[in-house]
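What follows is a single structure, written as structure tokens, with notes after it.
Each residue takes its place number in the sequence, starting with 1. Quantities reported herein were computed from a predicted structural model and do not represent experimental measurements.
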Amino acid sequence: MESFATINGQIAKYDTWQLSGLAPAPEEEWDRLQSFLGLGKPDFEAMLATVEPLFRRGHELVVGTYDYLLNHHDTAVILGWEKGADAEHLAERRRFFTVWLARTLGLDLSHDFAHYLFRAGQIHAAHGPRQIHVPQMYVTGSISLVNATFARFLLEEMPGNPIVPTALASWNKLLNLHLHLMLLGYETARAWDDGDFPVELSFFGRVRNYTGRQKMTMHLPQDSRAETLLVRFFNYFPQMRPDVLAVEWLDKDRLDEQGRPWLVLEKRYWAKKGWRVLLNGRNISFEDGPNQMIKPGDTVSIFPPGR
């Protein structure tokens, strides 16, 4: 399969497979939603004016959050705390929450934090060390409870201060930005597990640095092609894309409701030279690429260049 892609204005040739339909990367969604919400200087000034009182009550928020989850029957069952919280598990969750709170109050808008939140969403979908699945409604509900607690703290700490309403509106924007990134990660984890049969993936070389493991099992629907597996893989591990995939921008005309043509840009991805995906030991680049069917019992191996 001889193909071309545009990289930094240069035409590069690849004898490999192509892929389309990937979800936006966490940093893309982070920037796009931040722009849509209009998070700007007035928001940050208002939030900065309220950081200190929120910081003073931080320990109360962390402890109170897990007391609430422990005393609410459904979340206690989800966490396995029907007979009381496990001390080690509780300490882990408090530490995780404290790190998130510190970065939030520090107004961390880095792309690294976007990926941190994305991964937090995957952990809540049973893709963490303890494999506990927290239903999406409780992920959303927990952010809402934090927002409500911020409001209570500020009304108690800064009664009558005119900056408080503006600050609360701004914190609401920021917390919804966090929620969106968490749900993006959550969805990739749920998609990974959604299927009729398991497929074992093996990783080699620096792929293991990205995945943090040597093997994983993905579930796929019947009659799936390699494309489904690869889209799910690169949606789950978006941090791998710059290393593995080159981007080609395609111009397409799309008609609106009135039949008028609109020019839209669409991304298509090509595997860079040397990256190999093997299905049952055979390189898909020399077979039918992402169109190959995957059957129960098949195995997939991913190799970086030089292996």
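Hydrophobic clustering places V146 together with M158 (ILVMFWY residues linked when any side-chain heavy atoms are closer than 4.5 Å, directly or through intermediates).
When all heavy atoms of I163 and A49 are compared, the closest pair comes out as CG1-CB, 4.2 Å. Heavy-atom minimum distance, L201 versus M218: CD1-CB, 3.9 Å. The minimum heavy-atom distance linking T217 with P198 is given by the pair CG2-CB, 3.5 Å. The two residues F118 and N235 come nearest to each other via the heavy atoms CZ-O, 3.3 Å.
Formation of a donor-acceptor pair under 3.5 Å by the T188 side chain with backbone atoms of Y236 is not found in this model.
Results of the side-chain hydrogen bond (donor to acceptor under 3.5 Å, both in side chains) test with W171 over T166, T50, N176 single out T50 as the only residue that passes.
Remark: D243 does not engage K272 in a salt bridge, criterion side-chain N to carboxylate O under 4.0 Å. Taking the charged nitrogens against the carboxylate oxygens, R103 and D112 do have a contact shorter than 4.0 Å, which makes a salt bridge. Ion pair E92/R95 not flagged as a salt bridge, since none of the NZ, NE, NH1 or NH2 atoms sits closer than 4.0 Å to an Asp/Glu carboxylate oxygen.
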- [ ] Test E248 against K267 for salt bridge (Lys or Arg N to Asp or Glu O under 4.0 Å), laying out the working first.
- [x] CA-CA 6 Å; E248 180 182 24; K267 281 185 179 180; over 6 Å; no
TODO: Please test W275 against V207 for side-chain contact (heavy atoms from CB on, under 4.5 Å), starting from the C-alpha separation and ending with a verdict.
DONE: CA-CA 10 Å; W275 283 94; V207 183; 3.5 Å; yes
- [ ] Begin with the C-alpha distance, continue with both residues' side-chain angles, and end with the deciding distance and a verdict on side-chain contact (heavy atoms from CB on, under 4.5 Å) for T299 and L278.
- [x] CA-CA 8 Å; T299 60; L278 275 58; over 6 Å; no
Open item on the list: Apply side-chain contact (heavy atoms from CB on, under 4.5 Å) to residues S301 and F204 and explain how you reach the verdict.
Closed with: CA-CA 8 Å; S301 304; F204 298 86; 3.8 Å; yes
TODO: I would like to know whether F96 and Y116 meet ring pair (Phe, Tyr, Trp, His ring centres under 6.0 Å); could you show each step before the answer?
DONE: CA-CA 11 Å; F96 186 84; Y116 175 91; 5.7 Å; yes
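Atom CZ of R32 sits in a sparse spot, with 12 or fewer heavy atoms from other residues, nucleotides or ligands closer than 6.0 Å. Surrounding CZ of R282 are at most 12 heavy atoms belonging to other residues, nucleotides or ligands under 6.0 Å away.
Partners of Q34 by side chain to side chain donor-acceptor pair (under 3.5 Å), not counting sequence neighbours: none found.
Aromatic ring pairs are classed by plane angle as parallel below 30°, tilted from 30° to 60° and perpendicular above 60°; the pair H133 and Y186 is tilted. Ring geometry, H178 versus W100: the interplanar angle exceeds 60°, so the pair is classed perpendicular (tilted spans 30 to 60°). Note: Y68 and H72 have parallel aromatic rings, judged against thresholds of 30 and 60 degrees for the angle between ring planes.
Looking only at atom types and distance, the side chain of W30 has no donor-acceptor partner in the side chain of H180 under 3.5 Å away. Donor-acceptor pairing under 3.5 Å is lacking for the side chains of Y138 and H124.
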